[in-house]
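Computed from a predicted model, the values in this text were never measured in an experiment. Just so it is clear: chains get the letters A, B, ... in the order the sequence lines come, proteins before strands, and each one is counted from 1.
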Amino acid sequence: MTVRDGIRVRVYADLTGATSLAPCPVLRYNPPSTWRRVDMAQIIRIQDVAQHVGEQVVLQGWLYNRTDKGKLQFLQVRDGTGFAQCVVFQKDVSPEVFKVVQELTQESSMVVTGTVRQDDRAPGIPGGYEIGVADLEVIQLAQDYPIQLKEHGIEFLMDHRHLWVRSQLQWAVLRVRATVVRAIRDWLDQHGFVNMDTPILTPAACEGTSTLFETDYFGESAYLAQSGQLYNEANIYAFGRVYCFGPTFRAEKSKTRRHLTEFWMVEPEATFCDLDQLMEIGEQFISYIVQTCLRERGQELALLGRDTSHLERVVPPFYRVSYDQALEMLVEIREQTDDEELKALLQIEWGDDFGSPHETELTKRFDKPVFVYGYPTRAKAFYMEPWPGRPEISKSTDLLAPEGYGEIIGGSERISDPELLLQRLKEWNLPREAFEWYIDLRQYGSVPHSGFGLGVERTVTWICGLDHLRETIAFPRMLKRVYP
RNA sequence: UCCUCGGUAGCUCAAUCGGCAGAGCGGCCGGCUGUUAACCGGUUGGUUGUAGGUUCAAGUCCUACCCGAGGAGCCA
């Protein structure tokens, strides 16, 4: 961008770009030492704009969009807390300032001074208020911002994820995520769960199933954690109830809208807790998270076009369906469909775990989350407590989110009998040496205990009503994506 | 790993039977005092993913490869 007459006394010349004969140096950035002084008391955040009607205020932010009407300019300004319309009439500002405004580009940073007024025509978040601009100072005139306010392809947007997060919908989703994370911590903290951080570098697979990311650990192999559960089972004997909350890693080559290679999971674990009590904890927990989002992030959910009536129904009790019942439902669903492709996808026999198509079809038939419990032992992990009198099924449960969203929680009651645990390790062909400490936990005051893992991104995807979980984390890591 | 779809201007996409590679957006120039991804006029913009092949002629047909998306499996 070249500097035009009238714009500036305060410019920074980019000497590296000044080799041409052009008399116009490149306008780069106006350092803070050159900014005009403003009264700190006047600086407000857009989210608080309604409290300042009639006052002269200062906004510090970036230009989201501009509509040029000639002698009237509409600026959509964002400051991180919201989006506000700033209206500039030529007659209200100096000729110099108006010229600056006419040349403002998308994402230019600026300080705006003006008077807040209520106006139903004003768009924004929150809308209904606008700033009648008296003065405006540019901090940096942005050049050729690549993301337009129109549809783009996902590859392009992901390549520009560092800028895409500024867009309204992404901003809304990530604010919902932050609220989900806080609600998770609040509920657990208030219900006696002690936060314990579990290791990310681990010696081997916790469950011995998923593929792990291998890393060099001073000449030996270590693996990025796929779960903190086994460590939590140690911690509960010290603290009663604990949870770990952190990133978790799966090297599966999953290529779907439900998978990331790096995702965030919260894993509560509790002593003196059986499967029924675990499901009660789960439904209270999930309901709190959803209701907190409805209460605090209604604006963002509205922006996302989320039909919140689905979420309002998310209160205890949730449905509970046994694996056997669910299987019957699936067989019936399969018989009733004329869709040959769906018929093939829903093919299942007793003993198989449910795949994604099964979960999707099941949850379409429930208007709030449903616990499926009692999965076949052979479809689940080695540490799950067998069902009393029915060793072929386990005291396990998945919580399936409605509207086709599927599994957001996976949990179980854990084996507390040392003899049974040893037997299971043998059956699963797991090396006893690696699990000595874990076996130890069953030797010193073993009690019934249970826990589950909740996937943060899947939960946010469901609450926001998105069709892909990649937008629920600032910088997603996927099979084909580690940049930026 | 398997199946399906795709790759054309900075971005989003057209291009009929194989016959001059186009539009909108963005950028640039001009106009407009209530716009909501403003609108109107003008203008700028191309190694059609890569390498071969068929043909008078290839964005279009054939072969191989690269990259991406969706789905399966696996899972939260």
Side-chain angles (χ1 to χ4, degrees), chain A residues 1-2 64-76 83 85-92 98 102-103 105-106 119-125 127-128 130 132 143-160 167-169 207 209-212 226-229 247-267 341-342 344-347 352-360 379-381 398-401 405-411 452-462 467-470 472 478-481:
Chain A
M1 174 63 69
T2 53
Y64 192 66
N65 195 19
R66 177 169 62 95
T67 301
D68 185 341
K69 289 279 296 174
K71 291 173 183 152
L72 168 60
Q73 304 275 326
F74 293 100
L75 311 180
Q76 308 305 329
F83 296 72
Q85 171 157 282
C86 298
V87 186
V88 190
F89 286 101
Q90 186 170 29
K91 65 176 172 51
D92 291 345
F98 196 73
Q102 285 179 305
E103 293 174 350
T105 53
Q106 197 183 355
D119 192 316
D120 292 338
R121 295 170 297 184
I125 309 169
E130 64 183 20
Q143 295 167 57
D144 302 323
Y145 186 72
I147 301 179
Q148 298 175 38
L149 298 177
K150 53 168 254 183
E151 287 188 17
H152 292 280
I154 191 64
E155 188 182 5
F156 175 82
L157 289 171
M158 277 299 172
D159 283 341
H160 295 85
S167 299
Q168 271 184 2
L169 296 185
E207 305 181 19
T209 53
S210 297
T211 317
L212 303 177
Q226 61 152 342
S227 167
Q229 178 205 317
T248 185
F249 307 88
R250 304 274 167 95
E252 299 286 350
K253 293 197 170 179
S254 298
K255 206 172 143 43
T256 80
R257 67 181 80 179
R258 298 176 307 281
H259 291 86
L260 295 171
T261 53
E262 176 185 303
F263 64 98
W264 284 67
M265 182 161 70
V266 59
E267 295 174 276
E341 201 180 328
L342 185 61
L345 283 171
L346 292 180
Q347 168 67 40
D352 296 339
D353 201 357
F354 295 152
S356 181
H358 306 108
E359 290 180 357
T360 303
K380 292 288 179 181
D398 284 353
L399 180 67
L400 309 182
Y405 279 96
E407 183 175 355
I408 56 172
I409 277 180
F452 63 78
L454 170 74
V456 169
E457 288 77 14
R458 286 187 181 178
T459 303
V460 177
T461 304
W462 162 50
D467 63 2
H468 201 303
L469 91 172
R470 65 190 157 208
T472 64
M478 293 173 289
L479 184 55
K480 298 289 184 180
R481 170 72 55 188

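- Side-chain atoms of A/Gln73 and base atoms of B/U35 include no donor and acceptor less than 3.5 Å apart.
- Among the protein residues, A/Ile147 comes within range of no part of the nucleic acid, since none of its heavy atoms lies under 4.0 Å from any strand.
- Computed from coordinates, the A/His160 NE2 to B/C11 C1' distance equals 10 Å when rounded to whole Å.
- Between the NE2 atom of A/His468 and the C1' atom of B/A76 there is a distance of 15 Å, rounded to whole Å.
- Using a 4.0 Å heavy-atom cutoff across all strands shown, A/Phe156 reaches sugar-phosphate atoms only and no base atom.
- B/G26 and B/U12 have their P atoms separated by 15 Å, given to the nearest Å.
- Considering only the side chain of A/Asp68, B/C32 comes nearest among B/A72, B/G34, B/C32.
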Taking Watson-Crick and G-U wobble contacts under 3.5 angstrom, with | marking pairs to another strand and [ ] crossing pairs, the secondary structure of RNA chain B is written (((((((..((((.....[..)))).(((((.......))))).....(((((..]....))))))))))))....
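- When the P atom is compared between B/G6 and B/G10, the two are found 23 Å apart, to the nearest whole Å.
- Comparing the same atom, P, in B/G49 and in B/A21 gives a spacing of 15 Å after rounding to whole Å.
- Contact annotation: side chain of A/Ser254 to base of B/C75, donor-acceptor pair absent below 3.5 Å.
- Within 4.0 Å of A/Gly127, counting heavy atoms only, lies no atom of the nucleic acid at all.
- Using a 4.0 Å heavy-atom criterion, one finds that A/Glu155 contacts the sugar-phosphate atoms exclusively.
- Not a single donor-acceptor contact under 3.5 angstrom links the side-chain atoms of A/Lys480 to the base of B/A69.
- For A/Lys150 against B/C11, a side-chain-to-base donor-acceptor contact under 3.5 Å is present.
- Within 4.0 Å of A/Pro123, counting heavy atoms only, lies at least one base atom of the nucleic acid.
- Residue contacts shown for A/Glu130 include a base, since a base heavy atom lies under 4.0 Å away.
- Side-chain N or O atoms of A/Glu359 include one that pairs as donor or acceptor with a backbone N or O of A/Glu407 at under 3.5 Å.
- Looking at heavy-atom distances under 4.0 Å, A/Gln85 makes contact with a base.
- Of the P atoms belonging to B/G27 and B/G70, the separation is 30 Å, rounded to the nearest Å.
- If you check every strand for non-hydrogen atoms under 4.0 Å, A/His152 touches sugar and phosphate atoms only.
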